[in-house]
Amino acid sequence: MTTDLKIGLFKKFVRYNRIMFALLIFLALFVRGSGLTKSNFTLFYYVATGLLMLIIDEIIFSNSIKKIELNNGKVPTLIMRIRTVLFILMLSLGSVFAEIPGVFLVCIFFECMYLVLQDIIFSDIFNSFSNEFRLVGTMGVASFILFFLQYRHDVEGAWFIVFVVASVIVLLLLYVIYEVYFATVKDMDDNYNKLYFKNTDLMAENEKLVEFREKVEKVNSEINYQKINLTKANSDLENSNTESRSLIEVMKYFSASFDVPKNVHIMIENIMNIKKAGAVGFYIDKDIYMNDDPLIDVISVNEVSANIIKQDILNIYNLIVNRNSTEPLILCENYDFKYPFLSGGNICNAVAFPAYENENVYGVMVVSSSKYEFFQNGYSFYESSVMDFTSALISDRLYLKTEEMAKKDGLTKIFNRIYYNQFYPELMDEVLATGEKLTVAMMDIDHFKSVNDTYGHLAGDEVIKMVASVDAKYAKKYNGKAVRFGGEEFLLILKGIGVDEAYNILDEMHKEIIDTVVEFEDLKIQVNVSMGLASYPETCNEIGEVVDKSDQALYYSKEHGRGRITIDGREEE
């Protein structure tokens with residue numbers, strides 16, 4: 001009998017026993033209530049016996065189930081045997097002290113038989129004389145108590161022989177049940193053993209087949225694994241070739257272009273196309289390549305990610321600078337955000353790649369994606385892109401510095417006369433093509449010779465630098481150009497701005513120059529300037545006359561008191 005079957009039978013007999021003991025209690029109440037017996041002892045004895053057996057059974061069966069589970073199906077036979085003998089004696093002894101109605105007596109007898117059958121079913125050892133003697137003897141004693149003692153006064157003469165024969169028949173019946181059950185179990189055990197050995201042989205053959213199959217599967221698995229690795233290697237090689245070719249093409253573009261913002265855009269555009277990233281942003285700090293302001297460029301598949309990167313990229317750059325490391329910084333790994341950046345844009349992975357020159361970080365590139373394990377192939381492509389850009393940036397900066405030196409005045413750092421002669425004709429053609437306004441203001445430092453004579457040429461240089469810086473400030477503010485036209489003469493060229501607006505700009509400049517004190521060594525120098533203003537087509541019919549007209553207006557200012565602004569054609573105003 002298997003462990004599961006034993007546990008199942010135990011659980012079923014728990015329910016059956018509850019019903020049997022409940023019926024015993026019910027019958028005790030019924031025979032007393034119906035008047036079949038007037039013995040209160042019978043009522044109280046069998047109600048108490050039923051409750052006591054129910055409680056003992058609940059404890060024994062629950063513990064037996066646990067022990068069967070722990071001991072691999074072994075039934076605690078000693079406890080079951082004691083239980084059987086105890087319950088049968090408890091049921092039969094009630095008839096010794098009081099007369100029991102015949103119907104109730106038969107019910108008690110059958111309940112004893114039911115307990116004996118339970119004992120037989122859960123026997124693990126059969127064909128044992130002690131087992132047979134115990135069961136037959138216990139049932140014989142119970143029969144003697146129940147019937148002989150109960151009806152000893154009513155049985156006389158030949159009827160006594162009938163009673164004895166009936167008792168023997170009951171005991172023989174019990175013995176036959178025991179033997180039949182034993183023979184059935186023995187036959188099942190023999191069949192089980194035969195099937196077990198056959199099954200063992202089959203299992204041995206099956207194990208060999210399974211082992212052979214596992215070897216075949218292992219070989220197939222290794223072949224498939226090699227195929228997968230080969231496919232992956234080919235795919236990685238193809239991707240590597242694609243990445244290498246794209247980097248070469250980008251480097252070719254870098255070598256032919258000195259436009260740093262454009263180079264940044266080409267680089268991050270290439271990363272978006274090759275890696276299919278969600279967004280790529282690049283930040284360059286100011287004063288890296290002649291840039292007065294930081295550069296931020298972002299390309300993204302959606303506007304939300306672009307805005308998030310633009311919002312956080314400066315903080316990410318500062319974090320990298322303070323970290324003092326040039327290694328890539330993982331911002332988010334599979335939705336696990338390491339820092340309080342880039343949240344809210346469905347970003348699954350994000351890494352910041354420092355852009356550095358000689359271990360000095362000058363910028364950062366942020367790459368993000370909504371894909372899981374986006375950076376599983378490493379960071380080499382992104383780092384190579386940044387390094388290639390840095391190499392190009394060094395060349396671009398050298399070129400821009402050289403170009404800047406050619407365009408800018410060495411002292412004032414604003415455009416010089418040579419560069420003016422290059423860009424101004426192009427500017428006039430552009431204005432004529434677009435129909436825009438072109439306004440030129442020429443200014444001259446008043447009494448500059450006396451500044452040099454009084455304070456020295458070095459002090460004069462500081463005065464020139466101050467006026468040039470104010471000129472450059474307003475040129476940048478209004479998208480114009482500041483030019484050092486002569487020694488102490490300067491131009492402010494404004495495109496798309498008319499005379500009246502330009503006059504207000506010059507008036508503001510003039511006040512700022514007057515209010516600015518030039519400090520040189522222990523000296524404090526205040527200067528003034530004269531200005532002349534001309535505009536096409538408002539004051540000049542010919543665009544080529546604008547500079548000459550502004551020069552004439554300046555001359556008028558110097559001839560009429562200095563420190564004033566004169567508009568061409570409005571000298572008498």
Side-chain angles (χ1 to χ4, degrees), residues 236 239-240 242-244 246-248 250-251 254 260 263-289 291 294-300 305-306 308-397:
D236 291 343
N239 291 336
S240 179
T242 302
E243 292 173 4
S244 298
S246 71
L247 290 174
I248 291 171
V250 170
M251 282 298 293
F254 287 170
V260 174
N263 290 349
V264 169
H265 194 79
I266 291 296
M267 176 187 63
I268 62 177
E269 191 176 57
N270 181 64
I271 293 173
M272 290 287 294
N273 292 335
I274 297 298
K275 289 296 189 177
K276 309 301 180 186
V280 181
F282 204 95
Y283 174 88
I284 299 178
D285 205 1
K286 63 179 181 179
D287 299 326
I288 301 300
Y289 64 95
N291 56 318
L295 168 69
I296 299 177
D297 193 359
V298 180
I299 299 179
S300 174
S305 297
I308 289 173
I309 289 180
K310 288 178 181 177
Q311 172 184 310
D312 291 342
I313 198 166
L314 176 58
N315 293 327
I316 295 171
Y317 168 74
N318 291 329
L319 174 64
I320 288 177
V321 170
N322 294 329
R323 189 181 61 145
N324 196 26
S325 174
T326 57
E327 293 297 318
L329 177 65
I330 299 175
L331 302 172
C332 176
E333 186 174 15
N334 297 328
Y335 294 109
D336 180 15
F337 286 87
K338 313 293 184 183
Y339 300 93
F341 305 127
L342 310 182
S343 59
N346 191 30
I347 292 174
C348 178
N349 283 280
V351 176
F353 299 92
Y356 59 93
E357 178 186 349
N358 297 327
E359 303 299 324
N360 295 319
V361 177
Y362 67 83
V364 65
M365 181 176 73
V366 177
V367 181
S368 69
S369 174
S370 60
K371 299 175 184 176
Y372 199 78
E373 297 291 349
F374 180 73
F375 294 100
Q376 63 179 347
N377 291 327
Y379 306 138
S380 58
F381 177 74
Y382 309 99
E383 291 179 298
S384 297
S385 297
V386 175
M387 291 174 66
D388 290 344
F389 174 78
T390 300
S391 298
L393 179 66
I394 295 171
S395 299
D396 292 347
R397 186 168 58 228

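In Asn324, the CG atom is not crowded: 12 or fewer heavy atoms of neighbouring residues, nucleotides or ligands sit closer than 6.0 Å.
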Side chain to side chain contact (heavy atoms under 4.5 Å, CB included) between Ile308 and Leu342, worked out: CA-CA 6 Å; Ile308 289 173; Leu342 310 182; 3.8 Å; yes
Val366 vs Tyr317, side chain to side chain contact (heavy atoms under 4.5 Å, CB included): CA-CA, chis, key distance, verdict: CA-CA 9 Å; Val366 177; Tyr317 168 74; over 6 Å; no
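Between the side chain of Asp388 and the backbone N or O of Met251 there is no donor-acceptor pair closer than 3.5 Å. The backbone N or O of Ile266 sits nowhere less than 3.5 Å from a side-chain atom of Asn270 that would complete a donor-acceptor pair. Side chain of Asn349 to backbone of Asn334: a donor-acceptor contact under 3.5 angstrom is found. Between the side chain of Asn291 and the backbone N or O of Asp287 there is at least one donor-acceptor pair closer than 3.5 Å.
Counting heavy atoms from C-beta on, the side chains of Phe381 and Ile271 come closer than 4.5 Å. In this structure, Phe374 and Cys348 have side chains that are not in contact, with every pair of non-hydrogen atoms separated by 4.5 Å or more. Taking the side chain as every heavy atom from C-beta outward, Phe375 and Ile330 never approach each other to under 4.5 Å.
The nearest pair of heavy atoms linking Met365 to Val386 is CE-CG2, 3.6 Å. When every heavy atom of Val367 is checked against every heavy atom of Ala277, the shortest pair comes out as CG1-CB, 4.0 Å. The nearest pair of heavy atoms linking Cys332 to Ile347 is SG-O, 3.9 Å. When all heavy atoms of Asp336 and Lys338 are compared, the closest pair comes out as OD2-NZ, 2.9 Å. In plain terms, the two heavy atoms of Val361 and Ser325 that are nearest each other are CG2-O, 4.4 Å. For the residue pair Arg323 and Pro354, the shortest heavy atom distance occurs at NH2-CG, 4.1 Å.
Here the straight-line distance linking atom CD1 of Ile268 with atom CG of Asn273 works out to 11.0 Å at 0.5 Å rounding. Atom CD1 of Ile299 is separated from atom CE of Met267 by 9.5 Å, given to the nearest 0.5 angstrom. The distance from atom CD of Gln311 to atom CD1 of Ile296, rounded to the nearest 0.5 Å, is 11.0 Å. The structure places CG of Asp312 at 7.0 Å from OG of Ser343, a figure rounded to the nearest 0.5 Å. Between atom CE of residue Met387 and atom CD of residue Glu357 there is a gap of 12.0 Å, rounded to the nearest 0.5 Å. The distance from atom CG of Leu319 to atom CD1 of Ile316, rounded to the nearest 0.5 Å, is 8.0 Å.
For residues 334-354, the pairs satisfying ring-ring contact (aromatic ring centres under 6.0 Å, His included) are Phe353-Tyr379, Phe353-Tyr382, with sequence neighbours left out. Within the structure, side chain to side chain donor-acceptor pair (under 3.5 Å) contacts touching residues 358-371 (residues at least two apart or in different chains) are Tyr362-Thr390.
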